[in-house]
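Let me begin by presenting the structure, written as structure tokens, before commenting on it.
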Amino acid sequence: MNCLFETVTVEKLAAMTDVDRHVLKTLVSSTERDFLVRKNGDQVKIDDLSGKITGLYFSASWCGPCLRFTPNLVDVYTELIPKGNFELIFVSCDIVEEAFKEYFSKMPWLAIPFSDSDTRDRLDEVFKVSGIPYLVILDADGKVLTEEGVGIIREYGAEGYPFTPERIQEMKDQDVAARREQSLKSILVSPSRDFLISNDGKQVPVMELEGKMVGLYFTLSSFRSSLEFTPKLIELYEKLKERGESFEVVLIPLDEDEESFNECFGGMPWLALPVKDKTCEKLVRYFELSTLPTLVIIGPDGKTLNSNVAEVVEEHGVQAYPFTPEKFAELAALEKARQEAQTLESILVMGDRDFVIGKDGTTIPVLELVGKNILLYFSAHWCPPCRAFLPQLIKVYHQIKAKDDAFEVIFISSDKNQVSFDEFFSSMPWLALPYGDERKKVLSRMLKVQGIPMAVAIGPTGRTITKEARELLMNHGADAYPFTSERLKEIEAQLDEMAKGWPEKVKHALHEEHELVLTRRSSYLCDGCEEDGNGWSFYCEECDFDLHPKCALEEKKGAKDDGKV
């Protein structure tokens with residue numbers, strides 16, 4: 001069984017009919033048992049749940065998303081239980097009873113006894129549970145209100161009660177209205193709190209920020225990217241304060257641990273929501289948070305000006321202020337001018353760091369590389385795709401060097417320690433930036449390196465040719481060199497010429513089920529000779545079966561030579 005995240009689909013909720021109706025006692029009892037259990041061992045008659053809205057919570061101690069969701073569900077349960085019309089039943093997906101007991105000890109609701117595996121298995125089948133956490137909610141008559149309870153609880157919490165399609169639609173309509181009428185107060189104030197906190201514990205009314213430009217800083221103290229971004233944001237914040245700008249930052253902490261939050265917040269000069277405040281989770285959903293760090297900009301009118309300026313702040317610092325479309329257009333023009341004026345020295349020289357290193361530890365001045373075609377290779381020993389790509393890159397490197405010595409690769413490491421760097425670099429025939437060199441961060445930001453392995457081609461003038469050199473090498477090998485658009489057009493023309501006269505479809509003894517269709521394929525493994533291929537394949541999409549053209553057509557040629565075709 002998989003762990004999964006639920007999403008709320010109103011249309012799916014509305015489609016529920018009386019067919020989705022169950023008798024609760026029949027669902028959760030057995031011939032030997034008419035009760036449920038609490039974590040202290042007490043038994044509760046199933047009949048006591050009659051007339052209540054009831055949730056069946058499928059979960060397990062080994063499931064990460066379950067462990068993160070259960071505390072949220074506990075909060076909602078605690079808020080709803082005084083209504084007297086709501087109950088939850090834990091349906092364990094654990095395999096070991098001790099694990100069940102430990103996990104159940106954190107839950108204030110009822111459970112099907114662990115020993116009754118038949119009932120638990122039957123419920124899995126009835127509700128077609130394919131992933132957890134999974135929450136089915138039944139109304140007082142046993143009708144299924146939703147099978148997407150996890151998503152509803154995540155999105156609306158106790159406010160989603162009584163979890164009917166009508167209530168969920170009402171909440172969605174309220175969300176639309178809230179966005180339309182958004183203000184700083186509607187974002188940051190909750191029914192129990194109208195203030196923010198400073199790092200010395202003082203309470204600052206949210207109303208004091210009205211009319212200012214406000215950055216909502218979503219961060220997690222243990223997240224490396226957040227730790228690296230915070231000093232840059234502090235620098236921007238302090239410069240704007242010195243200039244007298246009407247700008248404030250509000251930290252939206254995502255920490256679960258108050259001690260970690262306090263340690264992190266203690267070094268920040270701005271305000272924050274209290275750690276574990278329910279508004280933090282609400283804002284994560286409201287702004288559809290997808291990455292960290294995120295800095296949402298709220299304009300003086302209380303409306304969202306930009307959903308995330310963290311990358312712009314990292315790259316341009318205080319120059320990015322006031323984060324308007326006009327300012328971003330100005331920065332884009334500056335960036336375009338920088339790219340057009342880019343030289344190898346401008347991207348690889350920083351202060352006295354004007355060299356790269358060779359295999360024997362010698363230093364090679366960047367000046368000696370000027371005028372060459374350079375491949376900046378972002379990689380790391382701990383990265384499996386990097387290790388898988390390395391042999392192919394080494395092979396291509398030697399092939400290109402054999403025909404053009406004015407070519408070089410520079411390894412830019414994301415390794416976690418010097419030993420790993422040394423071990424990985426020792427298997428490479430090219431140059432590198434020293435381990436821990438601060439130029440790596442600058443290059444990663446400048447070239448927008450989002451993942452590794454990544455290869456960026458720099459031309460003889462020092463300008464960036466392509467950031468997709470790795471993909472080109474995988475698809476075309478050494479033929480992709482020197483990675484220019486002109487070279488790619490030549491390759492396309494060669495591929496078109498190559499296919500002239502080839503049949504559009506073939507039948508082959510290795511794949512008699514279907515005809516193989518001549519198809520452009522960037523890279524594949526030939527199911528005939530088991531060698532890599534690219535460009536053209538005779539391909540069966542249904543079976544994901546590839547044959548090199550030479551493998552597919554040799555059989556036809558042999559058949560003609562024998563006079564059979």
Problem set entry | side-chain contact (heavy atoms from CB on, under 4.5 Å) evaluation trace for Phe407 with Leu375 | CA-CA 8 Å; Phe407 171 69; Leu375 210 60; 4.3 Å; yes

For this session: Examine the side chains of Asp546 and Ser537 and answer whether a donor and an acceptor come within less than 3.5 Å of each other.
Result: yes

Problem set entry | Backbone N/O of Leu292 and side chain of Thr294: donor-acceptor pair under 3.5 Å | no

Exercise. Hey, do the aromatic rings of Phe421 and Phe411 have their centres closer than 6.0 Å?
Worked result: yes

For this session: Before giving the answer on salt bridge (Lys or Arg N to Asp or Glu O under 4.0 Å), spell out for Glu497 and Lys500 the whole-Å C-alpha distance, their side-chain angles and the decisive distance to 0.1 Å.
Result: CA-CA 5 Å; Glu497 184 65 27; Lys500 285 183 178 178; 3.1 Å; yes

For this session: Assess the side chains of Asp404 and Tyr481: does a donor N or O sit below 3.5 Å from an acceptor N or O?
Result: yes

Problem set entry | Between CD1 on residue Ile347 and CZ on residue Arg463, distance to nearest 0.5 Å | 12.0 Å

Exercise. Just checking, is any N or O donor in the side chain of Asp422 or Tyr435 under 3.5 Å from an acceptor N or O on the other one?
Worked result: no

Seminar exercise, completed: Rounding to 0.5 Å, atoms CG (Leu367) and CG (Asp354) come to a distance of 9.0 Å

Exercise. Nearest 0.5 Å, what's the NZ-CG distance between Lys372 and Asp405?
Worked result: 5.5 Å

Exercise. If you round to the nearest 0.5 Å, how far is OG of Ser413 from CD of Gln418?
Worked result: 9.0 Å

Problem set entry | Backbone N/O of Asp479 and side chain of Arg487: donor-acceptor pair under 3.5 Å | yes

Problem set entry | Any donor-acceptor N/O pair, Arg521 side chain to Trp536 backbone, under 3.5 Å | no

For this session: Determine yes or no for a side-chain-to-main-chain donor-acceptor pair under 3.5 angstrom, with Ser426 supplying the side chain and Glu423 the backbone.
Result: yes

Exercise. Should the pair Phe261 and Phe265 be assigned to parallel (<30°), tilted (30 to 60°) or perpendicular (>60°) ring geometry?
Worked result: parallel

Problem set entry | Asn417 and Ser420, any side-chain heavy atoms less than 4.5 Å apart | yes

Exercise. Regarding Thr464 and Gln339, is there a side-chain donor-to-acceptor distance under 3.5 Å anywhere?
Worked result: no

Seminar exercise, completed: Tightest non-hydrogen contact, residues Ile132 and Ala60, listed as CD1-CB, 3.8 Å

Seminar exercise, completed: When every non-hydrogen atom of Val312 is compared with those of Ala320, the smallest separation belongs to CG1-CB, 3.5 Å

Exercise. Does any donor atom in the side chain of Glu281 or Tyr286 lie under 3.5 Å from an acceptor atom in the other side chain?
Worked result: no

Exercise. Is the Phe545-Phe538 ring centre distance short of 6.0 angstrom?
Worked result: no

Exercise. Does a salt bridge link Arg520 with Glu492, judged by any charged N lying under 4.0 Å from a carboxylate O?
Worked result: yes

Problem set entry | Step-by-step salt bridge (Lys or Arg N to Asp or Glu O under 4.0 Å) determination, Asp301 to Lys303 | CA-CA 6 Å; Asp301 60 354; Lys303 309 299 183 188; over 6 Å; no

Exercise. Relative to each other, are the rings of Phe328 and Phe323 parallel, tilted or perpendicular (30° and 60° limits)?
Worked result: tilted

Exercise. So, Lys467 side chain and Ala457 main chain: donor-acceptor pair closer than 3.5 Å or not?
Worked result: no

Seminar exercise, completed: CD of Glu314 to NE2 of His316, rounded to nearest 0.5 Å, is 11.0 Å

For this session: Examine the side chains of Ser221 and Glu263 and answer whether a donor and an acceptor come within less than 3.5 Å of each other.
Result: no

Exercise. In terms of side-chain heavy atoms, does Thr230 have a donor or acceptor partner in Tyr217 at a distance below 3.5 Å?
Worked result: yes

Problem set entry | From CA spacing to verdict: salt bridge (Lys or Arg N to Asp or Glu O under 4.0 Å), Arg338, Glu335 | CA-CA 5 Å; Arg338 185 198 65 77; Glu335 176 61 17; 2.7 Å; yes

For this session: State whether the side chain of His508 and the backbone N or O of Leu510 hold a donor-acceptor pair below 3.5 Å, judged by distance alone.
Result: yes

Exercise. So, Glu490 and Gln494: side-chain donor and acceptor under 3.5 Å apart, yes or no?
Worked result: no

For this session: May I ask you to decide if the ring planes of Phe424 and His381 are parallel, tilted or perpendicular, using 30° and 60° as cut-offs?
Result: perpendicular

Seminar exercise, completed: When rounded to the nearest 0.5 Å, the distance separating CD of Glu486 from CD1 of Ile465 is 9.0 Å

Exercise. Does the pair Lys212 and Glu245 meet the rule for a salt bridge (Lys or Arg N to Asp or Glu O under 4.0 Å), with working shown?
Worked result: CA-CA 9 Å; Lys212 292 185 176 183; Glu245 299 288 355; over 6 Å; no

Problem set entry | Side-chain donor or acceptor of Glu515 paired with backbone N/O of Val506 under 3.5 Å | no

